[in-house]
Undergrad: 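Quick one: structure below, then a few questions.
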Amino acid sequence: MSFPLLTATAVVPAIGAIATAAVPAARRTAAKWLALLVSLATLALAITVLVRFDPDGGRYQLTESHAWIADFGVRYELGVDGIAVALVALTALLMPFIILAGWHDADPLETGSKRWRPTQGFFALILGVEAMVIISFEATDVFLFYIFFEAMLIPMYFLIGGFGDRAHEHGEEAASTQRSYAAVKFLLYNLVGGLIMLAAVIGLYVVAGNFSLQQIAEARANGSLHMATNTERWLFLGFFFAFAVKAPLWPLHTWLPNAMQESTAPVAVLITAVVDKVGTFAMLRFCLQLFPEASKWATPAILVLALISIVYGALLAVGQRDIKRLVAYASISHFGFIIMGIFAMTSQGQSGATLYMVNHGISTAALMLVAGFLISRRGSRLIADYGGVQKVAPVLAGTFLVGSLATLSLPGLAPFVSEFLVLVGTFTRYPAIGIIATFGIVLAALYTLVLYQRTMTGPVKQEVSAMPDLRARELLVVAPLIVLLIFLGVYPKPVTDIVNPAVKSTLSDVQKKDPKPSVEAAK
């Protein structure tokens, strides 16, 4: 029996979470180092998965399958295609940086405070989320996926509500109220989506008789399983609604700005760079593969919603006064591009969407973590409270600039390639949608450059005049992310080589081919 590598990538952080939580209260530093070592061990396993995965091999590789709840057709089935491998690697890659960035975020509050921040619990919850996200990417049994898709809400609820940002202009009591509101809103939105998906999961079992993604897809392909048109559409909508909430897609997005605003910067990165990717990933893996005809039926409406997300998110980002809310609305705009690329039903669009998931995770982590370092120094999230930072902390300002330029998809940085592919892939089939979506790029340049100008340039404000530059631990967090943004910006081939075969399989599922060019190439 071969080593269960995929299981190990999820079990190691899960066991690490339990071990971290069990560290004695007085050993906070030991808990931090344990969490960091566990995240590095998980990264090593994810790299092993990446190395052992053969892009030219079978669709699902490193598979594991065991009986679980036999009476209901539920199995413990894992397998990864190129898209899942890329996202498992992204998740494992970001976790050490998230833990290092949040090294002091759960330390005890100042003497006299009524609140105590249990350090062990903070890092244990982060590792718990990592385990659940990774197994969600690996699960090929629909019911198994659903369990962890929903279970990750629990640790995220406590991370948002129990370990919020200390920078609040209205004091600790108001901050606690806002954190509770953001956590409850996050939980309710995602629970409603999950309950609707549960009904669809049950419906799928009634129709198919099992929960195996591969068996259902094969049965649909060879004609042994037929779904009535209305049945398939209702099941598709049940799945898609839950994924659109998680993604988040307009108008189901409103939980995200509150959650990111009230979270610490590392938890905000965990939300938008890791957890939200489960939603867009699941659209590719489950919606398109299980319900190909319904996916094509819903495509026009979804593209319109994605387009609204792109423009709406960018417009609201322009008008934000809070740094974290600005990044949140920018992410809503970026997720619009990802969903647009998925449902453009072209190889360029879906390759670009998958690459965008990876690149957005890295660029958002770079920008948000540097913003978190900035906010922790000044004690305020408001843009107006900054000015002239580049004169007193040039390294901080420089890394903030690179993160900002990546957010606006500057050529030479990683997000540009993915955004370009999405727009090209969309334009070839839906030119009007592609043209309007480019307006989001213009707005991105506006909100990111204005953010940099107002915080980093101009006269030095008195409150930031003594601001220290990035320390060694903070540089260790940011520098590798900047290097990756540049490397993947000029050489994205390592990622595209992995994801392109999976994209071709997905297009085959929905029986779509790239449209032929309308104008023949000149001879």
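Each residue takes its place number in the sequence, starting with 1. No experiment lies behind these values; they were computed from the predicted model shown. Keep in mind that the numbers below use all heavy atoms, side chains included, and drop hydrogens, waters and symmetry copies.
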Undergrad: What residues form a side-chain contact (heavy atoms from CB on, under 4.5 Å) with N500, not counting sequence neighbours?
TA: S351, T496
Undergrad: Mind checking the CG-NE2 spacing from L249 to H253? Nearest 0.5 Å is all I need.
TA: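 Atom-to-atom, L249:CG and H253:NE2 are 9.5 Å apart.
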Undergrad: Can you name the nearest heavy-atom pair linking P492 to V417, along with the distance?
TA: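 Heavy-atom minimum between the residues: CG-CG1, 3.8 Å.
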Undergrad: Check whether any side-chain heavy atom of L367 sits under 4.5 Å from a side-chain heavy atom of S404, and report yes or no.
TA: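 Yes, their side chains come closer than 4.5 Å.
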Undergrad: Per the salt bridge (charged side-chain N to carboxylate O under 4.0 Å, His left out) rule, what does the pair list look like for residues 398-409, sequence neighbours excluded?
TA: none
Undergrad: Does the side chain of I310 come within less than 4.5 Å of W250's, by heavy atoms?
TA: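 When only atoms from C-beta onward are counted, I310 and W250 do not touch, as no gap falls below 4.5 Å.
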Undergrad: In Å and rounded to the nearest 0.5 Å, what is the CG to CG distance from L401 to L396?
TA: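 Atom-to-atom, L401:CG and L396:CG are 11.5 Å apart.
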Undergrad: Might you point out which heavy atoms bring I482 and A366 nearest each other, and give the distance in Å?
TA: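 Nearest heavy atoms, I482 then A366: CD1-CB, 4.5 Å.
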Undergrad: Give a yes or no on whether the backbone of T407 and the side-chain of H334 come within a donor-acceptor separation of less than 3.5 Å.
TA: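 Yes, because the side chain of H334 sits within donor-acceptor range (under 3.5 Å) of the backbone of T407.
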Undergrad: Compare every heavy atom of K246 with every heavy atom of V275, then report the nearest pair and how far apart it is.
TA: O-CG, 3.8 Å
Undergrad: If the condition is side-chain contact (heavy atoms from CB on, under 4.5 Å), which residues does L188 pass it with, not counting sequence neighbours?
TA: V184
Undergrad: Please name the pair of heavy atoms, one in I271 and one in S263, separated by the smallest distance, quoted to 0.1 Å.
TA: CD1-OG, 3.8 Å
Undergrad: Quick one: does any side-chain atom of D81 pair with a main-chain N or O of A502 as donor and acceptor, under 3.5 Å?
TA: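 No, the answer is negative, given that no donor and acceptor are paired below the 3.5 Å cut-off.
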Undergrad: Return yes if some donor-acceptor pair links the side-chain N/O of T426 with the main-chain N/O of L423 below 3.5 Å, else return no.
TA: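 Flag not set: sc T426 to bb L423 has no pair under 3.5 Å.
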Undergrad: Hey, does the side chain of K324 reach the backbone of A268 with a donor-acceptor pair shorter than 3.5 angstrom?
TA: no
Undergrad: Flag the pair F186 / Y157 as yes when their ring centroid distance falls below 6.0 Å, and as no otherwise.
TA: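 Between F186 and Y157, the centre distance exceeds or equals 6.0 Å.
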Undergrad: Working to the nearest 0.5 Å, report the span between SG of C287 and CD1 of I302.
TA: 7.0 Å
Undergrad: Kindly indicate whether the side chain of P266, heavy atoms from C-beta on, has any atom under 4.5 Å from the side chain of D105.
TA: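 They are in contact (side-chain heavy atoms under 4.5 Å apart), so the answer is yes.
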Undergrad: Would you say D322 and I383 make side-chain contact, with heavy atoms under 4.5 Å?
TA: no
Undergrad: One pair to check against ring pair (Phe, Tyr, Trp, His ring centres under 6.0 Å): F149 and F243. What are the steps and the verdict?
TA: CA-CA 10 Å; F149 180 82; F243 303 153; 5.6 Å; yes
Undergrad: Looking at W255 and V245, would you say the former's side chain and the latter's main chain have a donor-acceptor pair under 3.5 Å?
TA: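 Present.
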Undergrad: Just do the side chain to side chain contact (heavy atoms under 4.5 Å, CB included) check on M467 and L374 with the steps written out, would you?
TA: CA-CA 9 Å; M467 180 177 289; L374 179 70; 3.8 Å; yes
Undergrad: Can you sort out the partners of L191 under side-chain contact (heavy atoms from CB on, under 4.5 Å), two or more places apart, ordered by chain and number?
TA: E150, L153, L187
Undergrad: Using the side-chain hydrogen bond (donor to acceptor under 3.5 Å, both in side chains) criterion, which residues pair with N359? Sequence neighbours excluded.
TA: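 In terms of side-chain hydrogen bond (donor to acceptor under 3.5 Å, both in side chains), with neighbours along the sequence ignored, N359 is linked to S418.
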Undergrad: Picking from L43, T42, L127, what satisfies side chain to side chain contact (heavy atoms under 4.5 Å, CB included) with V12?
TA: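 Exactly one pass, corresponding to T42.
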Undergrad: With sequence neighbours excluded, what pairs up with Y386 under the ring pair (Phe, Tyr, Trp, His ring centres under 6.0 Å) test?
TA: none
Undergrad: Under 3.5 Å, which donor-acceptor pairs do the side chains of residues 336-343 form with other protein atoms, sequence neighbours left out?
TA:
none

Undergrad: Assess whether atom CZ of R454 is packed by more than 12 heavy atoms of other residues, nucleotides or ligands within 6.0 Å.
TA: no
Undergrad: How far does CZ of F137 sit from CD1 of I83, to the nearest 0.5 angstrom?
TA: 11.0 Å
Undergrad: Is any side-chain heavy atom of I135 less than 4.5 Å from a side-chain heavy atom of F145?
TA: no
Undergrad: side-chain hydrogen bond (donor to acceptor under 3.5 Å, both in side chains) with E419: which residues, sequence neighbours excluded?
TA: Y356, S409
Undergrad: Is the number of heavy atoms from other residues, nucleotides or ligands under 6.0 Å of Y452 OH greater than 12?
TA: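 Counting other residues, nucleotides and ligands, OH of Y452 exceeds 12 neighbours.
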Undergrad: Counting only N and O atoms by type, is there a donor-acceptor contact under 3.5 Å from the side chain of R473 to the main-chain atoms of L100?
TA: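 Yes; at least one donor-acceptor contact below 3.5 Å.
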Undergrad: Heavy atoms, side chains only, cut-off 4.5 Å: are Q348 and F420 in contact?
TA: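 No, side chains not in contact.
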Undergrad: Partners of T254 by side-chain hydrogen bond (donor to acceptor under 3.5 Å, both in side chains), sequence neighbours excluded?
TA: Y189
Undergrad: About how many Å separate CD1 of I362 and CG of L488, when rounded to the nearest 0.5 Å?
TA: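 Between atom CG of L488 and atom CD1 of I362 there are 5.0 Å.
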Undergrad: Does any part of the side chain of T448, heavy atoms only, come nearer than 4.5 Å to the side chain of L405, both counted from C-beta?
TA: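 No. Closest side-chain heavy atoms not under 4.5 Å.
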Undergrad: Sub-3.5 Å donor-acceptor pair from the side chain of T272 to the main-chain atoms of V269, do we have one?
TA: no
Undergrad: Can you list the steps and then say if L303 with Y430 is a side chain to side chain contact (heavy atoms under 4.5 Å, CB included)?
TA: CA-CA 9 Å; L303 288 176; Y430 304 98; 3.5 Å; yes
Undergrad: Treating E130 as the side-chain partner and I126 as the backbone partner, does any N or O pair qualify as donor plus acceptor under 3.5 Å?
TA: no
Undergrad: Taking only residues two or more places apart in sequence, or in another chain, which ones meet K32 in a salt bridge (charged side-chain N to carboxylate O under 4.0 Å, His left out)?
TA: D107
Undergrad: Are side-chain N/O atoms of T9 and E138 paired as donor and acceptor at under 3.5 Å?
TA: yes
Undergrad: By side-chain contact (heavy atoms from CB on, under 4.5 Å), which residues pair with V192, not counting sequence neighbours?
TA: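 V192 satisfies side-chain contact (heavy atoms from CB on, under 4.5 Å) with I196, F241 once adjacent residues are dropped.
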Undergrad: Of all the heavy-atom pairs spanning A406 and P415, show the shortest one and how long it is.
TA: O-CG, 3.2 Å
Undergrad: Check whether R429 reaches the backbone of M345 with its side chain - one donor and one acceptor, N or O, closer than 3.5 Å.
TA: yes
Undergrad: What residues form a salt bridge (charged side-chain N to carboxylate O under 4.0 Å, His left out) with R471, not counting sequence neighbours?
TA: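 With sequence neighbours excluded, R471 shows a salt bridge (charged side-chain N to carboxylate O under 4.0 Å, His left out) to E474, given in chain and number order.
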Undergrad: Test R381 against R321 for side chain to side chain contact (heavy atoms under 4.5 Å, CB included), laying out the working first.
TA: CA-CA 8 Å; R381 301 189 302 252; R321 298 168 54 246; over 6 Å; no
Undergrad: Set out, in order, the CA-CA distance, both residues' side-chain angles and the distance that settles side chain to side chain contact (heavy atoms under 4.5 Å, CB included) for L284 and M357, then state yes or no.
TA: CA-CA 12 Å; L284 276 166; M357 290 187 228; 3.7 Å; yes
Undergrad: Taking the inter-plane angle between the rings of Y329 and Y312 on a 0 to 90° scale, is it parallel (under 30°), tilted (30 to 60°) or perpendicular (over 60°)?
TA: perpendicular
Undergrad: To the nearest 0.5 Å, how far apart are CG in L326 and CE in M368?
TA: 9.0 Å
Undergrad: Taking all non-hydrogen atoms of both residues into account, name the closest pair between I332 and L256 and its distance.
TA: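 For I332 versus L256, the nearest heavy atoms are CG1-CD2, 3.8 Å.
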Undergrad: Between R377 (side chain only) and P468 (backbone N and O only), is there a donor and an acceptor less than 3.5 Å apart?
TA: yes
Undergrad: Are any of the side-chain heavy atoms of L382 and D385 separated by less than 4.5 Å?
TA: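 Heavy-atom side-chain distance check passes, below 4.5 Å.
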